[in-house]
Peer 1: 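Dropping the structure in here first, questions after.
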Amino acid sequence: MAMQITEINNVTKQSLAVSETTNAAVGQIAGDAKEILSSKIILPFEPYMGYRMFLLTSGVVLKAPSAADPLITIRKHLQLPSPQEISREHREKTKKLVPGTATWIFDQEAFLTWSEGRKPLLTIRGSPGCGKSYLSTMAVTHQRQKSEKQVAVGYHYFHDNDESKRSIKNALCAMIYQLAEQNARYAENAAQKCEQSPNLSAVTLASIWYDFFASNFDGDSLGKACLVFDGIDEALQEDLAELISLLHESLMTDTHIQVLLVGRPEMEAVTSPLEDFSAGNIDVSSTLNSADISRFVDYSYGVYLSKHKIRGLRLTVTTSLREKANGMFLWVDLVCQELAKIKNVKVLKQHLDNMPVGLFALYERIFSRMAAIGSDLNPPTQLRELFCCLSQFKEPPSVYLLNQVIQYATEDPEFDVESAIAEACASLLSYEETGQLLFRTKIISETNQTQTRDPAQSNNNSSTYTGGEEHDSDSESFLDEDTDQREVQNRQKETLVKVRHASVGDFLNSKALKTSAVLFSREDAAFHTVELSLRIICEGGSTSLTVSEDLWLNAMTNVFDQLHNLAEGAISLQQTETLIEGLWQLFNSELLGKYISRHHSTSHGYPLHETFDFGFNTNLGHDKRQAVQKWIEKANDSDVIHLKPATREWVENVAKAPLQLLVPLTKICIREWLHSDAQPFELYWRYRFAWLCLVAVST
């Protein structure tokens with residue numbers, strides 16, 4: 001066994017070496033996009049070779065950067081995504097800015113005081129949809145374009161519907177890379193710190209701040225840093241409190257760090273300890289952004305409603321929008337998209353007159369419209385499943401995952417989430433490309449730009465139809481069915497679905513929201529998500545698996561967090577019975593236990609080895625154990641809950657002896673491991689999982 005493990009380690013090292021080689025080579029792509037030149041996307045070897053052939057046939061040259069490139073060291077150590085993903089949101093918001101808008105901020109005395117370095121802190125506050133993030137974007141661009149070259153700018157956009165984008169630790173890591181891109185001396189220092197630092201999982205928020213920010217931009221340093229935190233109120237609250245403390249400590253000294261904090265009005269309670277260092281606060285109001293709203297109204301009419309050639313309609317619509325907007329760009333955009341669906345001008349005017357003021361009232365109108373016009377293609381129950389997923393998942397789900405979840409939940413194998421979004425709710429949701437899909441899109445864009453600059457090359461590479469009958473076997477452009485299906489799935493897996501704005505997430509999680517044809521209430525959504533996950537997990541105990549392994553693993557990965565977040569007082573006794581019966585199956589079913597004990601691997605690793613970890617048997621307070629135990633105790637304390645005899649006996653035993661929870665499953669895993677005839681590699685990981693269960697029990 002020791003020899004087999006050594007062989008496994010050697011193979012792993014070789015794989016990492018291949019990844020590093022491809023990692024370095026793929027990033028160097030000829031073109032005028034600096035971020036592509038510096039991007040080093042890690043690709044598996046075979047896909048990389050396919051891309052390499054694509055790049056070579058497209059006339060793009062590959063060159064390997066120096067192995068000592070500090071940016072590579074920084075990005076690997078901090079486990080960052082590609083540079084284009086780090087800069088994506090700033091780039092996209094810059095493109096969306098309507099010319100002439102968001103410039104009024106440069107005339108504000110507080111902004112001038114902060115920008116010129118007379119005070120190190122500035123705060124911008126405003127209601128949802130008033131354009132705060134675009135002001136942040138303009139501030140980043142402005143600071144980058146300053147003549148003072150020593151100033152490096154880092155920024156991050158927080159989102160409360162994406163766990164990874166709520167982390168201030170992740171935000172600071174991204175900023176380290178951004179500062180390193182702009183300052184070579186800082187890059188060298190940061191790379192050296194990375195090489196000396198422990199694994200990222202072992203470092204704290206404080207150590208990152210002291211090692212990479214406070215020590216590099218103190219009073220004696222030549223360089224300066226400008227850090228922009230957009231949507232700071234959407235960050236994890238425990239992280240935010242620590243960041244404010246670290247900022248206060250640094251600003252007390254002669255630091256060369258400038259900070260911009262942007263968020264909703266309620267952020268004032270958190271940032272108040274920093275008032276002594278502040279250049280002031282800018283409250284975004286309908287008065288300050290009225291000129292921008294006017295420009296945006298004209299722009300939005302041109303995008304969505306200019307198809308109507310009715311005299312006086314533009315004036316009627318734009319005047320009404322300006323009067324009702326109350327400084328909210330998002331409201332204007334949503335209203336215009338709703339009006340664009342109406343063909344009859346008289347009906348359009350009626351809807352405009354009755355259009356509610358304010359985002360929440362407008363969301364109620366939009367969802368009511370969805371419920372009223374639900375089609376056979378996308379009935380309201382499917383939309384309800386879609387919005388339930390988006391409100392309950394910790395991170396934006398992929399198109400592929402949403403299709404699988406909703407097809408299972410609604411028993412409709414033909415459901416397509418992209419069609420549903422296009423038909424019913426495109427104004428509320430958006431897509432985000434990731435991974436190789438983002439990489440390929442960028443490369444194609446670069447290639448198209450090159451061919452646009454060189455028409456001769458484009459003509460030489462193009463083919464001309466010469467007539468005659470077309471046969472599948474004569475054309476390499478045709479794909480076989482399996483290949484086409486794989487490409488579709490890969491695209492769907494790397495396309496995420498997100499709520500377009502944080503206010504949509506706020507609406508979906510509002511305490512006032514009631515269950516309807518297209519929406520679950522907050523409590524019903526939480527229970528439905530757990531119940532659905534347990535149903536999917538129990539499919540693993542079927543004689544023939546009825547769900548994909550991807551869907552099953554997703555349910556196993558998230559069910560304990562979902563149980564932890566489900567409030568005990570929010571569900572009925574009957575719902576509690578449903579949960580307990582599902583948990584009994586999970587921890588006691590022989591067939592399901594056999595499936596759990598298998599070696600489940602994905603491109604990202606071995607999910608169950610992380611998500612099914614209940615800690616050592618000395619740790620009764622482990623989060624996952626507590627997530628299950630609270631429901632066991634609730635069922636045990638109530639005589640009203642009706643359970644099957646075997647389930648009732650299990651509940652009573654585990655309530656008395658919590659460390660018995662994993663005993664039945666552990667026995668199954670050990671037995672399956674001992675009797676397995678799998679290859680050594682799989683046997684090793686089966687052993688690891690059985691051991692993970694064993695250390696969590698006590699007989």
Side-chain angles (χ1 to χ4, degrees), residues 160-161 163 367 380-394 397 405-406 408-411 505-539 551-552 554-589 592 611-612 614 621-655 658 661:
D160 62 5
N161 63 332
E163 199 72 19
F367 282 106
T381 53
Q382 293 179 334
L383 295 176
R384 187 167 64 181
E385 293 291 342
L386 170 60
F387 285 104
C388 179
C389 290
L390 294 175
S391 68
Q392 296 299 308
F393 285 14
K394 292 192 299 182
V405 171
I406 299 172
Y408 177 82
T410 61
E411 299 180 350
D506 292 342
F507 180 82
L508 295 175
N509 287 292
S510 169
K511 292 182 180 179
L513 188 65
K514 304 297 183 184
T515 296
S516 66
V518 291
L519 292 174
F520 283 114
S521 68
R522 184 169 69 172
E523 293 79 11
D524 287 347
F527 169 75
H528 179 74
T529 302
V530 176
E531 187 264 342
L532 184 60
S533 291
L534 287 172
R535 279 171 49 200
I536 292 170
I537 289 169
C538 290
E539 293 288 348
L551 180 57
W552 185 86
N554 177 75
M556 285 288 286
T557 299
N558 293 292
V559 68
F560 298 113
D561 283 337
Q562 294 164 356
L563 280 168
H564 179 77
N565 295 330
L566 184 61
E568 295 177 60
I571 68 172
S572 66
L573 292 176
Q574 184 178 0
Q575 289 173 325
T576 303
E577 292 171 15
T578 301
L579 286 186
I580 295 298
E581 293 292 353
L583 288 172
W584 183 90
Q585 289 284 336
L586 171 56
F587 291 104
N588 295 275
S589 167
L592 180 55
T611 60
F612 211 79
F614 281 72
H622 192 278
D623 288 345
K624 290 185 177 63
R625 191 184 297 278
Q626 286 297 310
V628 176
Q629 197 67 26
K630 73 174 183 179
W631 295 105
I632 296 288
E633 291 174 359
K634 179 176 180 179
N636 190 52
D637 291 342
S638 175
D639 296 328
V640 183
I641 295 178
H642 303 291
L643 301 171
K644 296 176 183 178
T647 309
R648 171 59 66 185
E649 182 182 359
W650 173 71
V651 165
E652 291 174 353
N653 289 339
V654 176
L661 176 66

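When reading the values below, keep in mind they use all heavy atoms of this one structure, side chains included, and skip hydrogens, waters and symmetry mates. Residue indices begin at 1 and follow the sequence shown.
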Peer 1: Do Phe527 and Leu579 make a side-chain contact, defined as non-hydrogen atoms from C-beta onward lying under 4.5 Å apart?
Peer 2: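 They are in side-chain contact.
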
Peer 1: With rounding to the nearest 0.5 Å, note down the distance linking CE in Met556 to CZ in Phe612.
Peer 2: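 Those atoms lie 4.5 Å apart.
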
Peer 1: Counting N and O atoms only, with roles assigned by atom type, does the side chain of Gln629 sit under 3.5 Å from a partner on the main chain of Val654, one being a donor and the other an acceptor?
Peer 2: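 Yes; judged by distance alone, with no hydrogens or angles, the pair exists.
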
Peer 1: Are Trp650 and Leu583 close enough that some pair of their side-chain heavy atoms sits under 4.5 Å apart?
Peer 2: yes

Peer 1: Which value, rounded to the nearest 0.5 Å, describes the distance between Trp552 atom CH2 and Tyr408 atom OH?
Peer 2: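 Separation between the atoms: 13.5 Å.
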
Peer 1: Search all heavy atoms of Asn636 against all heavy atoms of Arg648 and return the closest pair with its distance.
Peer 2: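 What the structure gives for the nearest pair is CA-NH1, 4.0 Å.
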
Peer 1: Could you grab the distance from atom CG of Asp524 to atom OG1 of Thr529, nearest 0.5 Å is fine?
Peer 2: 10.5 Å

Peer 1: Quick one: does Asn588's side chain have a donor or acceptor within less than 3.5 Å of a partner on Trp584's backbone?
Peer 2: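 Answer holds: yes.
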
Peer 1: Could you go step by step and tell me if Asn161 and Leu390 meet the side-chain contact (heavy atoms from CB on, under 4.5 Å) rule?
Peer 2: CA-CA 8 Å; Asn161 63 332; Leu390 294 175; over 6 Å; no

Peer 1: Rounded to the nearest 0.5 Å, what separation is found between the CZ atom of Arg522 and the CG atom of Leu508?
Peer 2: 12.0 Å

Peer 1: Side chains of Leu532 and Glu385, heavy atoms from C-beta outward: is any pair under 4.5 Å?
Peer 2: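 Leu532 vs Glu385: side chains touch.
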
Peer 1: Considering residues at least two apart in sequence or located in another chain, which fulfil the side-chain contact (heavy atoms from CB on, under 4.5 Å) criterion with Ser516?
Peer 2: Val518, Leu519

Peer 1: Would you give the length of the straight line joining atom OG of Ser391 to atom CG of Leu386, rounded to the nearest 0.5 angstrom?
Peer 2: 9.5 Å

Peer 1: What verdict does the salt bridge (Lys or Arg N to Asp or Glu O under 4.0 Å) test give for Arg535 and Glu531, after you've listed the backbone C-alpha separation in whole Å, the side-chain angles of each residue and the deciding distance to 0.1 Å?
Peer 2: CA-CA 6 Å; Arg535 279 171 49 200; Glu531 187 264 342; 3.7 Å; yes

Peer 1: Is there a donor-acceptor contact under 3.5 Å from the side chain of Ser589 to the main chain of Leu586?
Peer 2: no

Peer 1: Under the side-chain contact (heavy atoms from CB on, under 4.5 Å) rule, what do Leu534 and Gln585 come out as? Steps first, then yes or no, please.
Peer 2: CA-CA 9 Å; Leu534 287 172; Gln585 289 284 336; over 6 Å; no

Peer 1: Donor-acceptor pair, Glu581 side chain versus Lys644 backbone, under 3.5 Å?
Peer 2: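 Here the side-chain-to-backbone pair exists.
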
Peer 1: Are any non-hydrogen side-chain atoms of Ile580 and Lys634 less than 4.5 angstrom apart?
Peer 2: no

Peer 1: For side-chain contact (heavy atoms from CB on, under 4.5 Å), just list the numbers for Leu563 and Lys624, CA-CA rounded to whole Å, side-chain angles, deciding distance to a tenth of an Å, and then say yes or no.
Peer 2: CA-CA 9 Å; Leu563 280 168; Lys624 290 185 177 63; over 6 Å; no

Peer 1: With Phe520 as reference, evaluate Lys514, Gln392, His528 under the side chain to side chain contact (heavy atoms under 4.5 Å, CB included) test and give the passing residue.
Peer 2: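 Option passing the side chain to side chain contact (heavy atoms under 4.5 Å, CB included) with Phe520: His528.
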
Peer 1: By the side chain to side chain donor-acceptor pair (under 3.5 Å) test, which pairs, at least two apart or in different chains, include something from residues 555-568?
Peer 2: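 Those involving residues 555-568 are Lys394-Asp561, Ser533-Gln562, Asn554-Asn558.
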
Peer 1: Looking at every heavy atom in both Ile406 and Thr410, which two are closest together, and how far apart are they?
Peer 2: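 Scanning both residues, the minimum pair turns out to be O-OG1, 2.6 Å.
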
Peer 1: Leu661 versus Phe587: any side-chain heavy-atom pair under 4.5 Å?
Peer 2: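 Yes, at least one pair of side-chain atoms sits under 4.5 Å.
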
Peer 1: Under a 4.5 Å cut-off applied to non-hydrogen side-chain atoms, are Ile571 and Trp631 in contact?
Peer 2: yes

Peer 1: How far apart are the closest heavy atoms of Ile632 and Ala655, and which atoms are they?
Peer 2: CG2-N, 3.8 Å

Peer 1: Main chain of Asp506, side chain of Ser510: is a donor-acceptor contact present, judged purely on distance under 3.5 Å?
Peer 2: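 No, the answer is negative, given that no donor and acceptor are paired below the 3.5 Å cut-off.
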
Peer 1: Looking only at heavy atoms, what is the nearest atom pair of Leu592 and Cys538, with distance?
Peer 2: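 That closest heavy-atom pairing would be CD2-CA, 4.2 Å.
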
Peer 1: What distance separates Glu577 CD from Gln574 CD, expressed to the nearest 0.5 Å?
Peer 2: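 Answer for the CD-CD pair, Glu577 versus Gln574, is 6.5 Å.
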
